[in-house]
Structure formats: C-alpha cells, structure tokens
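Working notes, structure below.
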Amino acid sequence: MSWVTVIWSMVASACLTLAAINLLVWSRDRRSWAHLCFSVMVVGVIGLAIAEIGTMKASSPEEFGRVIRWVHLVYAFGIVGSLGFVHFYFGTGRRWLLALAVGLRLLAVVINFTTGLNLQLRAILSLQKVSFLGEQVSVLGDWVPSPWVPLGYLATFVWLVYVIDASVALWRKGSTDSRRRAVIVGGSLVGFGVLTVGQVAMVVTGRLRMPFIVSFPFLGVVLAMTYELSRDVLRAGQLGRDLHESEQRMTLAADAASLGVWIRDLVRNEIWATDRWRALLGFTESEPLEIDKFLDRLHPDDRERVRRALAMAIDGDGVYETEYRVVLANGQTRWIASRGQAEFDGRGKPIRVTGVSIDISNRKLAERELLQRHTELAHLSRVTMLGELSSSLAHELNQPLGAILRNTEAAELFLQDPSPDLEELRAILADIRHDDQRAGAVIDRMRSMLKRREVEHSLLDLNMLAGEVISFVQPDADARKVRVTLAAASSSSSVHGDRVQLQQVLLNLILNAMDAVNGSAPDRCLVTVCVKPLGTQVQVAVSDSGHGIPDDKLARLFEPFFTTKANGIGMGLPISRTIIESHGGSVRAENNQNGGATLYFMLPVAGEEENPL
Ligand code: ADP
C-alpha cells in the first residue's frame with residue numbers, strides 16, 4: 001500500500017468536501033463572497049495535492065516538468081482564493097496591495113507557461129529517487145534554474161505584506177472576534193508562506209532532497225479558515241435563537257401594551273404585521289397584506305391623508321406619524337394612532353418602514369367629551385360676559401325701540417289729517433323699518449352668542465370680525481367713556497375658525513382692556529385692536545393704556561380662576577387660550593413700555609384661494 005497515495009488522496013477528498021460545502025453556502029447567499037473565495041482556494045489545494053503525487057510518482061524529467069508547470073496554475077488558485085478570502089472576510093486590506101498581489105501572481109502564471117520549463121526551472125536534467133514515507137519517490141536531480149525565480153519570490157512577498165497589513169488592521173479594530181480572526185487566519189497564512197517559501201527555496205537550491213510539499217502547510221490554512229467559518233455558523237445559529245427569543249419578547253411587550261407591530265417591505269410591496277395589528281384593522285391572521293388593502297380599510301376621509309403621510313416618510317425625513325379611522329366589517333369605526341420609521345439602504349433608497357399602531361378610540365372619545373365640556377364652559381363664559389354687557393345692550397336696544405315708538409306716534413298724528421302727506425308717512429315708515437332692523441341686528445348678535453351650539457369652522461376675515469366685536473361693545477364703551485379703535489390689516493387676514501368662539505375671545509380681551517383703563521385719565525381711556533399678518537400667521541393685538549399687569553402675575557394670567565377683580569371669575573383668559581390653541585394658534589400677554597398691557601393671539605393664515613365669509 002502506498003502511504004503517499006492514501007494520505008494525499010485523503011487530503012484531496014477532505015478538501016473537496018469543504019469546497020463543495022462552501023460553494024453551496026455561496027450559491028444560497030450570493031453576497032457571501034468569502035465562502036466562494038475559500039472554495040477557489042481549496043480547489044487550488046486539491047490541485048496541489050494531486051500534482052504533488054504526480055511529481056513523486058514521475059518516472060522521467062519531462063513528466064516531472066509537465067506536472068510542475070501545472071503546479072503553478074493550481075498554486076495561483078490557492079493564492080488568489082486566499083487573497084479574496086482575506087479581502088472579504090477581514091474587510092480591512094488595502095485594495096491597491098490586493099490588486100498588486102493578484103497581478104503579480106497572474107503574471108507569474110503567464111511567465112510559467114511562456115518561458116522555459118516553468119517559473120523556477122529552465123530545464124530538468126535528471127531525477128533522483130529518495131525514500132519518503134516508506135517508499136521511493138522522485139525528486140529533482142540536476143536542473144537549470146530559470147531567471148524568473150525572483151518574480152515568484154516577489155509575488156509571494158507582496159502577498160505576505162497584504163496579509164500581514166490586513167491582519168494588523170483587523171487586530172486594531174480591538175474586538176475579541178476580530179483579534180482572534182487576525183491571529184488564527186492571518187497567522188496561519190503567514191506560517192504557510194514562510195514554510196512554503198523556505199521549503200521550495202531549499203529544494204530548488206538543492207539543499208534539501210525531498211518532494212515539493214505545499215499542500216500540507218496549505219491544509220493548515222484551510223483548517224484555520226474552516227474553524228473561523230464554522231464559528232460563524234455557530235454564531236449565526238445562536239443569533240437566530242436570540243433573535244427568535246427577542247422577537248417573542250417584543251411581541252409579548254407589544255401585546256401587553258396593546259401595540260400592533262408592522263413592517264412594510266417597499267421592495268416587495270408587502271406588509272408583515274403581528275396578529276394584534278391584523279385584529280386592530282380587521283384582517284384575518286392568514287390574509288396576505290399589501291398597502292392598497294390597508295388603505296381600503298380606512299375611512300374615506302382619512303385615506304388620502306394617510307397616503308400622503310406614508311409618501312412623506314419615504315421621500316422626506318423617514319418619520320411616519322398619523323392618526324386615522326378604520327371602518328370595520330360591522331360598520332363600526334375605530335381610531336388608530338400609528339408611528340413608524342423608514343429605513344434606507346447605503347444609496348439612500350428606502351427599503352422598508354417599520355412601525356407600531358395602537359387603538360386610540362377611547363382617547364378620541366374622551367377628547368370629544370372634553371371638547372364638549374370646553375364648548376359648554378365657553379358658552380357659560382359668554383353668557384357671563386353678556387350679563388356684564390346687558391345694561392349697555394338694553395340701552396342700545398332702547399334707542400331704536402324709542403325711535404320706533406316716536407315715529408309711530410308721529411305717523412298717527414299725520415293720519416289724523418284728512419289728507420295726510422303720504423311722502424312724509426313713507427319716510428316715517430322707512431325710519432321705522434331701519435330702526436327695527438337695527439334692533440333686530442342687536443338681538444341677532446346677542447342670540448348668536450347665547451346659543452348653545454356645536455363648533456363650526458369657516459373662513460373668516462379677522463378685520464371684519466374685529467369690526468363686528470367692536471360695534472358690539474361700543475354701547476358699553478360709550479357708557480364707560482372708553483375709546484375703542486381698530487387698526488385693520490391692509491392685506492389678507494383670513495383664518496379658519498369658529499366665528500362665535502373667536503368673537504368671544506376678542507370680546508373677552510376688549511372687556512378686560514376696558515376694565516384695565518377704568519379710572520384712568522380720560523385721554524388714557526383708550527383700547528386699540530390691531531390686526532396684522534405676520535408671515536404664515538395673523539396676529540391680533542388688544543392694547544390698552546391701563547394699569548398693566550404686575551410682573552409676578554404675568555405668568556399666572558392664563559391659569560384658571562386667576563383674577564384680580566372683586567367680581568371676576570378668572571375663566572375668561574384660560575377659555576380664550578383653549579379656543580385659540582384648538583384653532584392651532586397661540587396667546588401671550590405683555591406690558592407696554594409706556595404703560596398698560598397688550599394681549600396677543602396668533603392664528604394660522606388660511607389659503608388665499610378661498611373667499612372669507
Ligand atoms: P376675569 O376677567 O374674570 O378676572 P380673565 O381670565 O379674563 O378673568 O382675566 C384674568 C386676570 O387677568 C384679570 O383678573 C386681570 O387681573 C388680568 N388681566 C387681563 N387682561 C388685562 C389687561 N388688559 N390689563 C391688566 N390686567 C389684565
């Protein structure tokens with residue numbers, strides 16, 4: 001039995017198995033280039049093992065020379081494969097060094113096939129037989145060296161420099177894993193390089209009479225790499241288990257928090273979601289999900305908004321946050337709040353959006369009830385304010401009613417005349433109609449403010465609104481000898497809002513201002529309402545020249561029940577703030593430099609294409 005044949009065949013078949021396994025891994029996951037490079041390298045080692053048997057069993061110098069020629073090709077497979085492995089597995093090597101190492105090795109193969117007998121020998125003159133593993137094998141006897149020998153050494157030297165450089169860079173990364181890889185894989189490659197170069201140099205210089213044995217040290221490299229790759233497989237298994245566990249924990253936590261988790265795969269246009277999410281949106285557990293099916297479930301009024309929010313997350317900053325209604329099969333409506341985050345690949349292309357959804361129907365119900373309470377409170381506050389105004393309003397009503405009475409009496413007198421002046425009577429009737437309309441307008445205004453009603457948003461011109469409120473308080477202002485003026489905005493001052501609620505806010509601010517100037521010198525009894533567009537907002541400022549607000553009270557002005565008035569309730573400003581904030585605006589107060597205070601509210605300006613009512 002030939003030990004050489006047995007051992008070398010075993011090496012070749014073990015390597016074949018490893019090459020096949022790694023090739024399979026690469027074919028399943030085309031991005032695992034390190035596995036492909038490993039397979040290429042191992043194919044080289046198999047070739048080397050076969051060629052080594054060939055040289056040992058060669059019966060003539062010609063046969064020996066032919067085999068050695070092919071050795072350089074399979075050796076190049078091994079070297080290029082190992083370079084590729086280091087490049088992809090370490091991810092730290094210098095590309096130019098890699099290119100140089102590959103280039104020199106390929107050049108060596110070309111020289112090997114085009115000059116002399118092979119890269120190292122120009123001619124083999126004779127063979128010798130030596131005893132190796134209990135049998136007689138052929139080794140080099142006499143030969144003529146090739147002038148290209150240094151090229152082989154240079155290629156190996158650059159290969160070694162690349163491997164050492166990549167290993168040191170990997171070591172410097174500092175983690176235990178990278179240091180172990182650098183030592184095991186990098187160390188085995190360096191050891192192989194030193195051993196091979198040493199042995200080949202000794203044999204071709206005639207200092208050692210033995211067969212070329214490169215496949216054995218190479219096997220050490222194969223084993224070192226296999227060790228690292230199998231550790232990766234073990235780690236992947238562990239990671240898979242950890243992932244499964246963490247997924248279970250996440251689902252448990254999400255379920256406990258009543259959260260539905262979803263992932264939208266933008267590449268495959270699919271949605272994956274937990275059972276809880278499916279239940280929230282009325283999907284069965286096995287129903288395939290996609291974006292259009294999801295949008296179909298939404299309330300028609302919310303569909304477009306959600307579609308836009310999704311598109312904005314993908315095209316914009318990646319954040320998706322929205323609330324929508326879902327119409328269930330039984331016709332019931334459910335409110336859902338959803339938050340997500342888009343993920344992008346290395347080139348900035350969106351690949352998926354991951355998020356959570358939660359049922360907020362109860363919160364929405366509570367919000368509705370709260371709004372209802374606010375509306376009732378606002379109504380109550382209006383009634384109180386109108387109570388304050390009632391005497392002046394009664395006075396305002398008395399005027400037209402008195403005029404009507406006087407005109408009626410005059411008409412009666414005219415009618416006692418046998419031939420009454422019809423022109424005069426017509427004029428009296430016109431006056432009566434005018435006064436009646438004036439009184440009707442006062443009553444209408446009062447009625448609209450006293451009515452218990454739902455909030456109705458429409459497009460409003462704040463200039464007009466301010467004019468209406470000023471004419472409403474005019475009788476009271478006249479009675480208190482306060483001058484209320486309007487500085488209207490010259491350009492657009494349209495906002496979306498509830499007319500009565502915004503009138504209430506302005507009325508409250510003007511009444512407070514009139515209270516503040518109470519008792520001031522006649523020339524300081526002045527209240528100014530100023531409407532001014534400021535960018536995307538419209539600002540309304542109510543300034544007075546009254547006593548101002550003490551600094552320590554300024555911060556508490558909008559707190560409920562904060563009042564400095566003997567008969568005040570302290571709800572006017574908090575209600576005004578609630579109203580303005582529910583309109584998407586803000587309120588603030590400050591003292592004027594020359595005395596008195598100014599209270600501001602700002603509202604978002606409405607689009608210009610609409611006409612204000
Ligand atoms: P009330 O008018 O019932 O006191 P408000 O909430 O409308 O309730 O006002 C709260 C307090 O804010 C007032 O009591 C007053 O002290 C202060 N305040 C409001 N407007 C002015 C103003 N223009 N000048 C000075 N103080 C003011």
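Every number for a ligand or one of its atoms is a count from 1 in the order of the listing. Please read all numbers here as calculations on a predicted model, not as lab measurements.
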Can you tell me which residue and heavy atom of the protein come closest to [atom], and the distance to 0.1 Å?
atom: atom 24 (N) of ligand 1; result: Ala516 CB, 3.5 Å
atom: atom 20 (N) of ligand 1; result: Asn512 CB, 3.4 Å
atom: atom 6 (O) of ligand 1; result: Leu573 N, 2.8 Å
atom: atom 15 (C) of ligand 1; result: Thr564 OG1, 3.4 Å
atom: atom 11 (C) of ligand 1; result: Phe562 O, 3.8 Å
atom: atom 4 (O) of ligand 1; result: Thr563 OG1, 2.6 Å
atom: atom 26 (N) of ligand 1; result: Ile549 CG1, 3.5 Å
atom: atom 1 (P) of ligand 1; result: Gly570 N, 3.7 Å

Check each heavy atom of [X] against ligand 1 and say whether those closer than 4.0 Å belong to the side chain, the backbone, both or neither.
X: Leu599; answer: side chain
X: Val542; answer: neither
X: Leu509; answer: neither

Under 4.0 Å from a heavy atom of [X]: which atoms of ligand 1 are those, numbered in the order shown and with their elements?
X: Gly548; value: 25 (C)
X: Asn508; value: 7 (O)
X: Gly568; value: 3 (O)

Which atom of [X] lies closest to which atom of [Y], heavy atoms considered:
X: Phe90; Y: Arg181; result: CZ-O, 3.9 Å
X: Leu280; Y: Leu328; result: O-CD2, 4.1 Å
X: Arg235; Y: Asp177; result: NH1-OD2, 2.5 Å

Seminar exercise, completed: Hits for ring pair (Phe, Tyr, Trp, His ring centres under 6.0 Å) against Tyr324, two or more places apart or cross-chain, chain-then-number order -> Phe294
Test item: side-chain donor near acceptor, [X] and [Y], under 3.5 Å:
X: Asn592; Y: Thr598; answer: yes
X: Thr251; Y: Gln248; answer: no
X: Asp242; Y: Gln238; answer: yes
X: Asp461; Y: Ser493; answer: yes
X: Trp262; Y: Thr274; answer: no

Exercise. At a 4.0 Å cut-off, with the gap strictly under it, does some heavy atom of Gly546 reach an atom of ligand 1?
Worked result: no
For this session: Compute the minimum heavy-atom distance from Pro574 to ligand 1 and say whether it is under 4.0 Å.
Result: yes
Looking only at distance, does [X] have an N or O less than 3.5 Å from an N or O of ligand 1?
X: Leu557; value: no
X: His547; value: no
X: Ile569; value: yes

Exercise. Taking the inter-plane angle between the rings of Trp277 and Phe283 on a 0 to 90° scale, is it parallel (under 30°), tilted (30 to 60°) or perpendicular (over 60°)?
Worked result: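 Ring orientation of Trp277 relative to Phe283: parallel.
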For this session: Examine Arg556 relative to Phe562 and say whether NZ or CZ is less than 6.0 Å from the centre of the six-membered ring and inside a 45° cone about the ring axis.
Result: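 Relative to the ring axis of Phe562, which defines the angle, Arg556 lies outside at least one limit.
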Problem set entry | Main-chain N/O of Tyr600 paired to Arg588 side chain as donor or acceptor, under 3.5 Å |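 It does not hold such a pair.
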